[in-house]
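One-based numbering, in listed order, for ligands and for the atoms of each.
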Amino acid sequence: MRLRRVVAGLALLVALATAVRLAAAPRPEWMRPFPPFRIAGNLYYVGSEDLASYLIATPDGLILINSSFEANVPLIRRSVEKLGFRFTDIKILLISHAHNDHCAGSALVKRLTGAKYFVMDADVPTVESGGKADFQYGAQEAMRFPSTHVDRVLHDGDTVWLGGSVLTAHLTAGHTRGTTTWTMDETDSGRVLHAVIVGSPNVNPGYRLVGNKAYPQMAEDYQHGFQVLNSLPCNLFLGAHGGYFGLTAKYARWQSGDRSAFIDTSGYQAYIADRERAFNAELKRQLTQRQ
Ligand SMILES: [Zn+2]
């Protein structure tokens, strides 16, 4: 029994060491460790300073949202353990969208934990091809990641259940074909809080919103995504990157005792409105350029 545990421990160390060696570190804040903490109810932050990962702790095991880069996996693991949970108790792995900064570590997380991987239908080809099927970055070697088998294909509006916790997958596409905004209700100090984890409403540099042969309905998808985001009730404003919702500033408030630091309905509305303005400006620019 003890030998088996030692062998399992060694395998884990080897896997983590390999991951750290292989991964590149594109931006310092993506790799910078961040203290794990309880956001509300059974929802915890376990990501780095900017690559957000979330843990939902239930009596039947853990749900992890976003594996990030392979090099982030040891950081996420340490954060999960610091909170007093077992990394190997992760039963379900979810992502915000199929870009390497949110999903490159998924194969490693699956290997280390045996978690089942649930991904939005339109992001499945990208995830399972290791990035090759991505409409924008498919040909770029640096954007690739280990191809990862998806265990359950999600559709818009699907729910994910574990141990009494329920998450809803909202398709908010455009940034990728299957960009997913996750919502869940948390009860904290007797109050129900609607949490929204924004998938990404951002138009990346080089994205062709108009006449894009690889993704013809891209602009319409963004527009639909903004409709959805504008319709979601939000108390706890969260997202795929810490920068979306001002993680570091809010955490400083949280640390000084303000347990409502992440309750920010107006911040959510302002962020979505700002991103929608940026999208509309870029669409207009591309439309006028074409004439
Ligand atoms: Zn992205």
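- In the hydrophobic cluster analysis, where Ile, Leu, Val, Met, Phe, Trp and Tyr join through side-chain heavy atoms closer than 4.5 angstrom, V198 is grouped together with Y45.
- Across I56, I65, L64, N66, a single residue satisfies side-chain contact (heavy atoms from CB on, under 4.5 Å) together with L94, and that is I65.
- Qualifying ring pair (Phe, Tyr, Trp, His ring centres under 6.0 Å) partners for Y215, counting only residues two or more places apart in sequence or in other chains: F135.
- V166 forms part of a hydrophobic cluster together with W161, judged by ILVMFWY side-chain heavy-atom separations under 4.5 Å.
- For R111 (side chain) and G114 (main-chain N/O), no donor-acceptor pair under 3.5 Å exists by modelled atom type.
- Less than 2.8 Å away from the Zn ion (ligand 1), the protein contributes these N/O/S atoms: H97 NE2, H99 ND1, H175 NE2.
- Every residue two or more places apart in sequence or in another chain that forms a side chain to side chain contact (heavy atoms under 4.5 Å, CB included) with E220 is listed here: Q217, Q223.
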